[in-house]
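Each remark here refers to the structure printed beneath this line.
Everything numeric in this text was worked out from a predicted model, so none of it was measured. Below, chains carry the letters A, B, ... as their sequence lines are ordered, and counting in each starts from 1.
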Amino acid sequence: MHTFVVIDFETTGLSPAHGARPTEIAAVLVRNGKIQDSYQSLMNAGVYIPYMIEELTGISNDMVRAAPKVSTVMQEVGEFVGDHPLVAHNAAFDKKFLDAEFARLKIKRRQEFVCSLLLARRVFPSAPSHKLSALATTLGLQGAKRYHRALADAEVTAHLLLHIKEALQERYRLPHISHELMLALQNVPRSQLAAYVAKYSAAKTI
DNA sequence: TGCCAGGCCCTCTTTAGGGCCTT
């Protein structure tokens, strides 16, 4: 997994099925362990941002009103992402917004998401919390002085994924962690992680 | 009118409930 793209959405709510739309997105390209490129933009979906969410993200209705149309931004995101493997923290959330916005543009997502939340729960089970900001503190990750802005969160998630990857490599003495293995591990029960990695490694070396 | 997510994961579980995580 030498190259991947981390995605983070800020939105007007929790569910696109109930009318929530994106207000901001960031995509961060990581190659060979370093952030090499990034895309970020506010976007205007013509949907009111509730006061509570304005307070949470600092993204106001005025800011979004002056931003590019959501269709323009999502088209650019599609081009930036390309076929690279995708990563997000609690990927189920970002995936459903990405798919909902892509569907409006008749764009089809071509790759699966690796979820840094699912992996962190398995690799660092004793962390006091697995929310992004808490993991950043616990693990001493490089990153954000603030949270709940798309680029800051995407950058911290990139460092988190790299940290998880290094921990797995060190713990199981693996020379390389593939996207395929990360995708599999996020769904393996925590108690079976070591056994799964051993079986996977053996199969790959035969 | 009032309400409104959903999937993971643990446990005092599996004929279920509730906390966590994303905004």
Between atom [atom1] in [X] and atom [atom2] in [N], what is the gap in whole Å?
X	N	atom1	atom2	answer
A:Asp153	B:dC21	CG	P	14 Å
A:Leu56	B:dT23	CG	P	7 Å
A:Tyr147	B:dC21	OH	P	14 Å
A:Phe97	B:dC21	CZ	C1'	14 Å
A:Arg149	B:dT23	CZ	P	12 Å
A:His89	B:dC20	NE2	P	14 Å
A:Leu185	B:dC9	CG	P	12 Å
A:Asp8	B:dT23	CG	C1'	10 Å

Please assess A:Ile25 against A:Gln40 for the test side chain to side chain contact (heavy atoms under 4.5 Å, CB included), listing each intermediate value before the final yes or no.
-> CA-CA 6 Å; A:Ile25 189 168; A:Gln40 71 162 325; over 6 Å; no
Determine, step by step, whether A:Thr57 and A:Thr23 satisfy the side chain to side chain contact (heavy atoms under 4.5 Å, CB included) criterion, reporting the C-alpha distance in whole Å, the side-chain angles of both residues, the deciding distance to 0.1 Å, and the verdict.
-> CA-CA 10 Å; A:Thr57 64; A:Thr23 56; 5.6 Å; no
Using atom [atom1] of each nucleotide, how far apart are [N] and [M] to the nearest Å?
N	M	atom1	answer
B:dG19	B:dT15	C1'	22 Å
B:dC8	B:dC4	P	22 Å
B:dC21	B:dG2	P	33 Å
B:dC9	B:dC3	C1'	27 Å
B:dT1	B:dC20	C1'	31 Å
B:dG18	B:dC12	C1'	12 Å

By ring-ring contact (aromatic ring centres under 6.0 Å, His included) - contacts of A:His163 (at least two apart) |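 Partners of A:His163 by the ring-ring contact (aromatic ring centres under 6.0 Å, His included) criterion, ordered by chain and then number, come out as A:Phe124.
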With sequence neighbours left out, what residues match A:Phe9 under ring-ring contact (aromatic ring centres under 6.0 Å, His included)?
->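 For A:Phe9 there are no ring-ring contact (aromatic ring centres under 6.0 Å, His included) partners, ignoring immediate neighbours.
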Scan A:Thr57 against the nucleic acid and name what it touches under 4.0 Å (heavy atoms): base, sugar-phosphate only, or nothing.
->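 Answer is sugar-phosphate: A:Thr57 comes under 4.0 Å of backbone atoms only.
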Check whether any side-chain N or O of A:Thr72 sits under 3.5 Å from a backbone N or O of A:Pro68 as a donor-acceptor pair, and report yes or no.
->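 Not at all, since once roles are kept as given, no pair shorter than 3.5 Å links the two residues.
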By salt bridge (Lys or Arg N to Asp or Glu O under 4.0 Å) - contacts of A:Glu10 (at least two apart) |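 For A:Glu10 there are no salt bridge (Lys or Arg N to Asp or Glu O under 4.0 Å) partners, ignoring immediate neighbours.
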Apply side chain to side chain donor-acceptor pair (under 3.5 Å) to the pair A:Glu54 and A:Asn61, showing each step before the final yes or no.
-> CA-CA 8 Å; A:Glu54 275 195 347; A:Asn61 283 286; 2.8 Å; yes
Are any protein N/O atoms closer than 3.5 Å to N/O atoms in nucleotides 4-8 of chain B? If there are, list each pair with its distance.
unit_1: B:dC4; atom_1: O2; unit_2: A:His18; atom_2: ND1; d: 3.1

Clusters formed by hydrophobic residues whose side-chain heavy atoms approach within less than 4.5 Å: which one holds [X], and what are its other members?
X	value
A:Ile49	A:Leu42, A:Met52, A:Ile53, A:Ile59, A:Met63, A:Val64
A:Leu118	none
A:Tyr51	none

Provide a list of protein-nucleic acid N or O atom pairs under 3.5 angstrom, restricted to nucleotides 10-14 of chain B.
unit_1: B:dC10; atom_1: OP1; unit_2: A:Arg190; atom_2: NH1; d: 3.3

Near DNA chain B, which residues from residues 44-53 of chain A have a heavy atom under 4.0 Å away?
->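 Per residue number, the list reads A:Ile53.
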Looking at DNA chain B, which of residues 130-138 of chain A put a heavy atom within less than 4.0 Å of it?
->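 Residues of residues 130-138 of chain A under 4.0 Å from DNA chain B: A:His130, A:Lys131, A:Leu132.
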Compare all side-chain heavy atoms of A:Ser116 with those of A:His89 and state whether any distance is below 4.5 angstrom.
->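 Yes - at least one pair of side-chain heavy atoms lies under 4.5 Å apart.
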Mind jotting down which residue pairs meet the side-chain hydrogen bond (donor to acceptor under 3.5 Å, both in side chains) criterion with at least one end in residues 119-142 of chain A? Sequence neighbours excluded, please.
->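 As it turns out, there is no side-chain hydrogen bond (donor to acceptor under 3.5 Å, both in side chains) pair with a partner in residues 119-142 of chain A once direct neighbours are skipped.
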Restricting to pairs with a member in residues 93-105 of chain A, which pass side-chain hydrogen bond (donor to acceptor under 3.5 Å, both in side chains), not counting sequence neighbours?
->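 Checked against side-chain hydrogen bond (donor to acceptor under 3.5 Å, both in side chains) - neighbours excluded - the pairs reaching residues 93-105 of chain A are A:Arg21-A:Glu101, A:Asp99-A:Arg109.
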Considering all heavy atoms of both residues, which atom of A:Ala45 and which atom of A:Pro22 are nearest to each other, and what is their separation?
->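 Shortest heavy-atom contact: CB-O, 4.0 Å.
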Side-chain N or O of A:Ser129 less than 4.0 angstrom from OP1 or OP2 on B:dC20?
->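 Answer is no, no contact under 4.0 Å.
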Show your reasoning for whether side chain to side chain donor-acceptor pair (under 3.5 Å) applies to A:Ser178 and A:Tyr200.
-> CA-CA 11 Å; A:Ser178 65; A:Tyr200 180 90; 2.9 Å; yes
